[in-house]
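First up is the structure itself, then whatever we jot down about it.
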Amino acid sequence: MIELHNLSKRYGSGGRSDAVLALDGVSLTVPSGCLYGLLGPNGAGKTTALRILCTLLAPDAGQVRVAGVDALDDPRGARRLLGYVAQEVAIDKILSGRELLALQGDLHHLPRQERNARIEELIGLLEMEAWIDRRCGTYSGGMRRRLDLATGLLHRPRVLVLDEPTVGLDIESRATIWRVLQQLRDQGTTVLLSSHYLEEVDALADRLAILEAGRVIAEGTPADLKGALGGDRVTLRIREFSDEQEAVRVRSLLQACQGVRQVVINRAQGYSLNLVVDGDAVIERLRHQLADADLPVFALAQSRASLDDVYLQATGRTLQDAELAVAGQRDAKAERKQAMR
Amino acid sequence: MTSATPALSPLPETSVSSSALAEISQETLALTRRLFVQLIRRPSTLVAGVLQPLIWLVLFGALFAKAPAGLLPGGGSYGRFLGAGVIVFTAFSAALNAGLPVMFDREFGFLNRLLVAPLRSRSSIVLASVLYITSLSLVQSLAIVGTAGVLGYGWPGATGLALVVITLLLLVFAVTALSLGLAFLLPGHIELIAVIFVANLPLLFASTALAPISFMPTWLGWLAALNPLTFAIEPIRSAYAGDLVLSRIATDVVLEAPYGSLTTANCLAILTALAVGLFLLIRPLLDRKLS
């Protein structure tokens, strides 16, 4: 349904030092009726890819097809098929939500009656009855995002594209949006969403791609990606708050143990140890080893591989670390300029 | 739910083949309506736009109330002379702000919302601004025409009023084109407001709104005689001067410029050329920014 082929996009002029290569040969195929997640830290190129897909931005190279329509040749044809829910919610504060929906309906040339009926449907679906006739300027973040989702759905698009749809939302709004996205998928809409929440993509997406520095570094179903890693994850805590010295000592002890593939010290969690091991038998062996060395065990938790582990495996760092690394680098002014016409 | 289709399922491929004209008018009307809803809910622009020229009319008109009779060409009172200038200034100021809503839409990303919609023609965005600002500036100017009449500064008569409206329309189109061009050219609303601020009063002073060319030093007289505001002011002033005779708009001189004498028809032709020229000038810019 969506095909991105070898997309490249550079911001700023090529020779200058502040030029940023936002996309570096991104190829993606989203099957029809799929809920597809685009996962990656801030600055990985998710928004750029989605903006290109929605015809807001021209790529330097590459092809974009939506339901067989070449979006670069026939952007208007692509726009009719697409609903786009942008990250920065641009809303007219003076209009009421209903008026904004009506405006959007007219921009999609819906006949008046159909438009109004459709607006009623969406108000019910997204539970907006209580506040839809108030001015948009008074809305909370969650209300705005729900309204924005409604504007994206107004013309019954075959493809819905959402850029970080639940960032900073209250739990109730997030649950509403998740529910609607799942219903959409069940009723045949192709949904592509970007997110830097691992749990969100894990819980929602049928397939996902991990984007890192403008490249796709992993692609598949969440189960396949996690399954391909193999091994069990174990979190071990010697005591509630350990220290580095002890953690290093225990690590060298465990690394010697047969069937232990990897031991990582997690500073953020009171120097707990994250292990990758081969099966349950190894865990029993670990317990004995620790008892022999006279070490207490405050907690020992076993889990399957998560998408975080997939990300860690592919990039050598956790998604949280990647977020922290780019947190100070973003230039709000430059980003506003990129988005402005 | 009255619809047979489930609320969320996409529509089967249908060829929605309404006519281009119907689609363009639907999107243009919707965009124009939005601007008017904003105006009605936040009427300060409208109020200020009428109030400011009104203050000009009353205060400036009173400033020269005791000027010797016969000082001005034509011999009327200063208030009567000033009326035409303030009417044109009102329309001009309103049109100069045409770019502001567009600039805010650019800055806040609302324009992107419009651009992802399958608009039949993106000219609808520009067209809506022109429709909105034209009606707004006409309403404001006509309010001034009415007030000037009540204050005893004269009334142009029915034919004269038609000429006033046509002249203002031409000026408003030209200035709107300029302002919309700036709205896409400048980086933000701060810069746009600065340009508007700087352009506004000098253009008023360097025109025949407040004094005739004969009062001015040569250099200022030249400036005034080249100022587009003057080409709008003088036909309107002539309409106020007496009953307008249509057959004479191409022969009666309304402006004695240093470079020659102009009739109402000449002035209107210049304004038309200016409006058309400016729209042609900004077109490539709009095409680039909206494509």
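A, B, ... follow the sequence lines: proteins, then strands. Residue 1 opens every chain.
Counting non-hydrogen atoms of other residues, nucleotides and ligands closer than 6.0 Å to CD of A:Q113 gives a total of 12 or fewer. More than 12 non-hydrogen atoms from other residues, nucleotides or ligands lie less than 6.0 angstrom from CZ of A:R134. Applying the 6.0 Å contact sphere to CG of B:L280 captures more than 12 heavy atoms from other residues, nucleotides or ligands.
Of the residues B:R34, B:R41, B:R33, the one that meets the salt bridge (Lys or Arg N to Asp or Glu O under 4.0 Å) test with A:E99 is B:R41.
Neither the backbone nor the side chain of A:L154 comes within less than 4.5 Å of any heavy atom of chain B. Residue A:T151 touches chain B through its side chain alone, counting heavy-atom pairs closer than 4.5 Å. Neither the backbone nor the side chain of B:L29 comes within less than 4.5 Å of any heavy atom in chain A. Neither the backbone nor the side chain of A:D186 comes within contact range of chain B; no heavy atom of the residue lies under 4.5 Å from a heavy atom of that chain. Proximity to chain B involves both the backbone and the side chain of A:V180, based on heavy atoms less than 4.5 angstrom apart.
Between B:R113 and A:I91, some side-chain heavy-atom pair lies under the 4.5 Å cut-off. Using a 4.5 Å heavy-atom threshold, the side chains of A:R76 and B:R120 count as touching. Under the 4.5 Å side-chain criterion, counting only non-hydrogen atoms from C-beta, A:D106 is not in contact with B:L31. Within the 4.5 Å cutoff, no side-chain heavy atoms of A:L82 are placed close to those of B:V116.
When all heavy atoms of B:F110 and A:L103 are compared, the closest pair comes out as CZ-CD2, 4.0 Å.
The line from CD1 of B:I40 to CD1 of A:I94 is 12.0 Å long, rounded to the nearest 0.5 Å. Expressed to the nearest 0.5 Å, how far CD of B:Q26 lies from NE2 of A:H109 amounts to 6.0 Å.
Side chain of A:R79 to main chain of B:L115: a donor-acceptor pair is present (N/O by atom type, distance under 3.5 Å, no hydrogens or angles).
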